[in-house]
Undergrad: 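Please find one structure pasted underneath; my questions will follow.
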2 protein chains.
Amino acid sequence: MVSRAESAAATRRALLDAAAELLDEGGPDAVTLREVGARAGVSRGAPYGHFADKETLLGAVAAEGWERLSDEIAALDGTPSDRLRGALAALVTIGRRHPHRYRQMFAPPAGDEPGSMIRASCRTQEEFLAIVSELVDEQDLHRYGGLLFTGVSGIIAAELSGHFATGTWRTSADELVDTLATIIADGRLHT
Amino acid sequence: MVSRAESAAATRRALLDAAAELLDEGGPDAVTLREVGARAGVSRGAPYGHFADKETLLGAVAAEGWERLSDEIAALDGTPSDRLRGALAALVTIGRRHPHRYRQMFAPPAGDEPGSMIRASCRTQEEFLAIVSELVDEQDLHRYGGLLFTGVSGIIAAELSGHFATGTWRTSADELVDTLATIIADGRLHT
DNA sequence: TCAGTGGGTTGACGTTGTCAGGTGAAACCT
DNA sequence: AGGTTTCACCTGACAACGTCAACCCACTGA
């Protein structure tokens, strides 16, 4: 019924899901290979057949996070301005719903299989640039596109660190994201 | 010669320095309490006399990072625009020179003594707002101040993750920081 | 002088990442 | 078909780690 390759693929899938689940629950330190194996229904040493080490497994989880984000952005429709705000909202949402996974996505890719995480994040960048290119001049594309994406990621990171809840800024992440999007999407900038 | 209190303070200082050194060298996982003790000239259990656990020790290192950044920003002089760029440059510099410590400063403060890290980062925010307040209207102060600070932190985080070197953005962190600073410092925004 | 305090050490325990060797069933070959 | 190879997986083992309890001892205050 199930070939050996299918069985192995299913195990790999289960390992990734278990790792993502544990990451969401308690951060990278809560992802123990023993528990990953247990939740995937295999033994503690099984992950080593699919991933070089724990670092690589977490990198694969992060890569899948980028992949999913890319798909979400690609599926957006509406006006360019709508899609821009939708893309930023997708980034905000993943940060709030899966803070640890989000942090992993922005972690330096140590032990990254063959650069799979970087490749996945590049696809997200491309989907994002496709939207921004409809809103700004070509000469400003990468500058404003990069600014929007990295800027919003920093705003979310600050929120996750508690720098808004307990900090001095009398504002919110949502307001900042909106401000940034408005500045660029509505062309309120005069060069 | 040396009182007990002085000796204890010196040990605490040595522990913090050793932890910061190890953090810079190899990230949080490279900070082992055994090695921290060894470099500080004490035993592996000594840190527990000064910090609740490893998490708290790392939090204290992060808090000192914020303190030092606050001092740097407070010591700036020149025009408001100069000081703004100087403050942003200080953030960029610490990110590049001490990437792991930088990341720790933006990590969620788990096991934070009595919120010492948050308190330290608030001081940085205040020093920063003092500069921004000379450049924008009061009603925009927190919005633009927060946007600058968190935005730049995100740009640096993206650079540290390799999202510029290997990514799609045909731009650099420096250019983005400059763009963001220019937008706000030079009032190129029309509301 | 003498008990008390507290910084520091050491032994010990459970947990973790990781690897070497073994096992059994699927895949391949003739 | 039968024998052989392959490979995903399991298990035992090991070193390193965070953490705690018990202990030691120099300094402190009266």
Side-chain angles (χ1 to χ4, degrees), chain A residues 1-23 25-62 100 104 107-113, chain B residues 1-23 25-62 100 104 107-113:
Chain A
M1 189 61 186
V2 286
S3 72
R4 182 153 60 175
E6 284 171 326
S7 165
T11 299
R12 181 189 162 90
R13 183 69 266 138
L15 288 171
L16 281 169
D17 289 342
E21 196 177 303
L22 285 165
L23 181 62
E25 288 175 12
D29 289 343
V31 181
T32 73
L33 293 187
R34 284 162 160 84
E35 183 65 18
V36 167
R39 295 205 184 184
V42 291
S43 77
R44 65 180 190 260
Y48 287 93
H50 299 270
F51 307 96
D53 54 13
K54 177 180 170 177
E55 205 78 39
T56 306
L57 172 58
L58 286 174
V61 171
H100 290 116
Q104 196 68 40
D112 192 16
E113 287 274 27
Chain B
M1 191 63 184
V2 287
S3 73
R4 182 151 60 175
E6 283 171 323
S7 164
T11 299
R12 182 189 162 89
R13 182 70 268 136
L15 288 170
L16 281 169
D17 290 343
E21 197 177 302
L22 285 165
L23 181 62
E25 288 174 13
D29 289 344
V31 181
T32 73
L33 293 187
R34 285 163 159 85
E35 184 64 20
V36 167
R39 294 205 184 185
V42 291
S43 76
R44 65 179 193 264
Y48 287 93
H50 299 270
F51 307 96
D53 54 12
K54 177 180 171 178
E55 205 79 39
T56 306
L57 172 58
L58 286 174
V61 171
H100 289 115
Q104 197 68 41
D112 192 17
E113 286 274 29

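In what follows, chains carry the letters A, B, and so on, assigned in the order in which the sequence lines appear, proteins first and then strands, with residues in each chain numbered from 1.
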Undergrad: Is it the case that the side chain of Glu6(B) and the backbone of Ser3(B) share a donor-acceptor pair, with hydrogens and angles ignored and the cut-off at 3.5 Å?
TA: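 Yes.
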Undergrad: Which nucleotides of nucleotides 18-30 of chain D have their base under 4.0 Å from a protein heavy atom (B), which only their sugar-phosphate (S), and which neither (-), written as one string 5' to 3'?
TA: BB------BBS--
Undergrad: Using whole Å, report how far CZ of Arg12(A) lies from P of dC7(D).
TA: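 These atoms are roughly 17 Å apart.
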Undergrad: Any side-chain heavy atom of Val61(A) within less than 4.5 Å of one from Val31(A)?
TA: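 Not touching, per the 4.5 Å side-chain cut-off.
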Undergrad: Kindly indicate whether the side chain of Val42(A), heavy atoms from C-beta on, has any atom under 4.5 Å from the side chain of Val36(A).
TA: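 Side chain of Val42(A) against side chain of Val36(A), heavy atoms only: no contact under 4.5 Å found.
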Undergrad: What is the distance, to the nearest angstrom, from the CD atom on Glu35(A) to the C1' atom on dT15(C)?
TA: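 Computing the Glu35(A):CD to dT15(C):C1' distance gives 13 Å.
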Undergrad: Roughly how far, to the nearest 0.5 Å, is the OG1 atom of Thr11(B) from the NE2 atom of His50(B)?
TA: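 Here the rounded value is 5.0 Å.
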Undergrad: In whole Å, I'd like the distance from the CG atom of Leu57(A) to the P atom of dT18(C).
TA: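 So the CG-P distance, Leu57(A) to dT18(C), works out to 10 Å.
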Undergrad: What is the distance, to the nearest angstrom, from the CZ atom on Phe51(A) to the P atom on dC19(C)?
TA: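 It is 16 Å, rounded to the nearest whole Å.
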Undergrad: His50(B) has an atom NE2; how far is it from atom C1' of dG6(C), in whole Å?
TA: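 Going from His50(B) (NE2) to dG6(C) (C1'), I get 10 Å.
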Undergrad: Show the nearest heavy-atom pair for residues Ala18(B) and Ala40(B), with the distance to one decimal.
TA: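 Looks like CB-N, 4.3 Å.
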Undergrad: How about Phe51(B) and Leu16(B): do any of their side-chain heavy atoms sit closer than 4.5 Å?
TA: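 Counting from C-beta outward, Phe51(B) and Leu16(B) do come under 4.5 Å.
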Undergrad: Tell me what Ala46(A) touches on the nucleic acid: a base, only sugar-phosphate, or nothing, going by heavy atoms under 4.0 Å.
TA: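 Sugar-phosphate contact only - Ala46(A) comes under 4.0 Å of backbone atoms but never of a base.
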